[in-house]
Amino acid sequence: MSYLITVLPGDGIGPEIMSSGIAVLKTVGQYFQHDFKLEEHAFGGAAIDLTGKPLPEKTLTACKHADAILLAAIGGPKWDLAPSRPEDGLLALRKELGLFANIRPISISEHIAHLSPLKKEVVAGSDFVVVRELTGGLYFGEPKYWNEKKAIDTLSYSSLEIERILIQAFELAKKRRKKVTSVDKANVLASSKLWRKTADRIAKNYPEITLEHLYVDAAAMHIIKEPQHFDVIVTENLFGDILSDEASVIVGSLGVLPSASHGEAFVSLYEPIHGSAPNIAGENVANPISMILSVSMMLEQSFHLTKESAVIKQAVENTLTEGFLTKDLGGDTTTTAFTNQVIHFIREGAKKDAADTF
Ligand code: NAD
Ligand code: IPM
Ligand code: MN
């Protein structure tokens, strides 16, 4: 089959880790005989430099017509004072495509639990997913403005917006360990009061699923103290942004966490949860795992290529287990050397799969 993928390398380490993602995709295409058609477009700071806008019309149109979108990362100090920042382009893309459900899996096996700065016995076997609402809340609420005297952001959610993200979380929990933790600040925030009430109502349709509520401040503590407790965490936009970066400490680095963003129409988008890491850009030291695992998520969730997706995940795990570590995980393996090693294990995995089939 043939798949059309819009590729957005973006800024900072974006192009470096996108090269890793593409190399992995090409290997999978070659060994499992899929035709991945890649179309690269300008996005973020790179697009501002080229066209004056972070999300040019041509890029948006290409995204709408693709079978899936792969994004690396955008942003950087160069554009921090631009009238329209790279980040504005990312928010506009999510909104235009209606990508309200951001799925951020976090898991760490026994073999690589030593890579976490936390105690091995605390993190080993942790396996949960943060389901982050992505097109509402403080990011988009109106009024929103600031001047020298005053600044306003608005935290607004409709029951429909809350309902649809909770349904995503419950449906995901059904396929997992059947537990949903809804994170809010219902002791203070009006939007959280509606959030909690809606969660209780939706839970009635899922009698097999256990729902628990946590306030976000306590959740931030519990996630680090007992990560093994969690299965599916569902929360609003800003809480999800913060808690998922915090959760990266469990696995050892922000550089290993991928994500998928889904909506009701158009296509899905796959991207690392981290940013453009300007502090290490251009040095060939970035961890490409977040991008490689985003490719794996794309193969599974958009193209239903379950076997190919699993081979990539296993190849990453094998590479880490063999001791190949980028700088963020305490090693000195370069981005390209790490990627080559993953590709080696994908080839091995593909050969084994072919041998098992015949
Ligand atoms: P960041 O996520 O870029 O970096 C935070 C820290 O994690 C840095 O020390 C960085 O070196 C490290 N890091 C991140 N990814 C890594 C990787 N793959 N390998 C090794 N180390 C990695 O966050 P920041 O520095 O706060 O933001 C930098 C820019 O990125 C800002 O402009 C921000 O708005 C933007 N940003 C973009 C996205 C996105 O594109 N989705 C996400 C977050 C931040
Ligand atoms: C993320 C990023 C973005 C967000 C920024 C860059 C707009 O931090 O994808 O997590 O806050 O959603
Ligand atoms: Mn973030």
Side-chain angles (χ1 to χ4, degrees), residues 8-21 43-48 54-55 69-82 84-95 99-104 106 115 117 130-140 144 153 235-249 251-261 269-294 316 320 324-336 338-339 342:
L8 311 174
D11 312 315
I13 60 167
E16 295 169 63
I17 59 169
M18 184 58 87
S19 295
S20 303
F43 186 51
I48 294 177
L55 175 58
I69 306 159
L70 271 183
L71 161 64
I74 51 88
K78 181 176 174 193
W79 306 281
D80 279 355
L81 298 175
S84 178
R85 295 174 54 135
E87 291 85 345
D88 298 327
L90 179 58
L91 298 183
L93 182 64
R94 289 170 178 169
K95 196 71 171 176
L99 301 171
F100 69 89
N102 184 221
I103 311 297
R104 299 185 158 188
I106 290 120
L115 298 177
V130 175
V131 177
R132 171 188 175 194
E133 201 291 325
L134 203 60
T135 51
L138 278 168
Y139 281 66
F140 295 95
K144 180 193 255 316
D153 289 293
T235 191
E236 66 90 50
N237 204 343
L238 184 63
F239 295 164
D241 180 44
I242 297 168
L243 292 180
S244 51
D245 268 33
E246 184 202 8
S248 75
V249 177
V251 287
S253 168
L254 197 49
V256 308
L257 294 185
S259 84
S261 300
L269 179 149
Y270 299 85
E271 59 167 326
I273 82 159
H274 62 71
S276 59
N279 56 333
I280 56 164
E283 293 174 14
N284 197 24
V285 297
N287 194 331
I289 295 180
S290 55
M291 191 73 238
I292 293 172
L293 292 182
S294 295
V316 168
L320 290 172
F324 293 95
L325 301 174
T326 44
K327 202 173 169 187
D328 53 320
L329 288 173
D332 60 3
T333 307
T334 62
T335 310
T336 41
F338 189 92
T339 306
V342 173

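Note that ligands are numbered from 1 as they come in the structure, with each ligand's atoms numbered from 1 the same way. Residues take their numbers from the sequence shown, with the count starting at 1.
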Q: Counting only heavy atoms closer than 4.0 Å, does ligand 2 sit against the backbone of Arg104, its side chain, both, or neither?
A: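 Side chain only; the backbone of Arg104 stays clear of ligand 2.
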Q: If we only count heavy atoms from C-beta on, is the Ser84 to Pro54 side-chain gap below 4.5 Å?
A: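 Result yes, sub-4.5 Å side-chain heavy-atom pair found.
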Q: So, do Ile13 and Thr335 sit near enough that their side-chain heavy atoms are less than 4.5 Å apart?
A: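 Of all side-chain heavy-atom pairs linking Thr335 with Ile13, none is under 4.5 Å.
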Q: Are any of the side-chain heavy atoms of Val256 and Ser248 separated by less than 4.5 Å?
A: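 A side-chain contact under 4.5 Å is absent here.
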Q: Should Arg85 and Asp80 count as an ion pair when the cut-off is N to O under 4.0 Å?
A: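 Answer for the salt bridge query: yes.
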Q: Could you list the atoms of ligand 2 found under 4.0 angstrom from a heavy atom of Glu87?
A: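 Those of ligand 2 that fall under 4.0 Å from Glu87 are 6 (C).
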Q: If you have a sec, work out which protein heavy atom is nearest atom 11 (O) of ligand 2 and how many Å separate them, to one decimal?
A: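 Answer, as residue, atom name and distance: Tyr139 OH, 2.6 Å.
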Q: With a 4.0 Å heavy-atom cut-off (strictly under), which part of Ile273 contacts ligand 2: side chain, backbone, both or neither?
A: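 Near ligand 2, Ile273 shows its backbone, while the atoms from C-beta on stay back.
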Q: Based purely on interatomic distance, does Asp241 place a nitrogen or oxygen under 3.5 Å from a nitrogen or oxygen of ligand 2?
A: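 Between Asp241 and ligand 2, an N or O pair is found under 3.5 Å apart.
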Q: Does the side chain of Leu257 come within less than 4.5 Å of Arg104's, by heavy atoms?
A: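 The answer is no; the side chains never approach within 4.5 Å.
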Q: Near Arg94, which atoms of ligand 2 are under 4.0 Å from a heavy atom of that residue?
A: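 It comes down to these atoms of ligand 2: 1 (C), 3 (C), 4 (C), 9 (O), 12 (O).
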Q: What are the polar N/O contacts of ligand 1 with the protein below 3.5 Å, with distances?
A:
residue, atom, partner, partner atom, Å
ligand 1, 2 (O), Gly275, N, 2.7
ligand 1, 3 (O), Gly275, N, 3.4
ligand 1, 3 (O), Ser276, N, 3.2
ligand 1, 3 (O), Ala277, N, 2.8
ligand 1, 9 (O), Asn279, ND2, 3.1
ligand 1, 11 (O), Asn279, OD1, 2.8
ligand 1, 11 (O), Asn279, ND2, 3.2
ligand 1, 15 (N), His274, ND1, 3.3
ligand 1, 18 (N), His274, NE2, 3.2
ligand 1, 18 (N), Asn287, O, 2.9
ligand 1, 19 (N), Asn287, N, 2.8
ligand 1, 30 (O), Ile74, O, 3.4
ligand 1, 30 (O), Ser276, N, 3.1
ligand 1, 30 (O), Ser276, OG, 3.3
ligand 1, 32 (O), Gly76, N, 3.2
ligand 1, 32 (O), Glu87, OE2, 2.9
ligand 1, 34 (O), Glu87, OE2, 2.4
ligand 1, 40 (O), Ile74, N, 2.9
ligand 1, 41 (N), Glu271, OE1, 3.1

Q: Under 3.5 Å between any N/O of Arg132 and any N/O of ligand 2: does that happen in this structure?
A: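 So ligand 2 has an N or O lying under 3.5 Å from an N or O of Arg132.
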Q: For residues Ala72 and Gly14, report the shortest heavy-atom separation together with the two atoms involved.
A: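 Smallest interatomic distance, heavy atoms only, reads CB-O, 3.3 Å.
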Q: Can you list, pair by pair, the side-chain donor-acceptor contacts under 3.5 Å of residues 274-282, counting residues two or more places apart and other chains?
A:
residue, atom, partner, partner atom, Å
His274, NE2, Ser290, OG, 2.7
Ser276, OG, Gly75, O, 2.8

Q: So, Ser253 and Asn287: side-chain donor and acceptor under 3.5 Å apart, yes or no?
A: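 No, no side-chain donor-acceptor pair sits under 3.5 Å.
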Q: For a distance under 2.8 Å, tell me if Asp241 has an N/O/S atom near the Mn ion (ligand 3).
A: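 Short answer: yes, at least one N, O or S atom is under the cut-off.
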Q: Would a 4.5 Å heavy-atom cut-off, applied to side chains only, mark Leu71 and Tyr270 as touching?
A: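 Heavy-atom side-chain distance check fails, nothing below 4.5 Å.
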Q: Quick one: does Tyr139's side chain get under 4.5 Å of Leu134's, heavy atoms only?
A: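 No, side chains not in contact.
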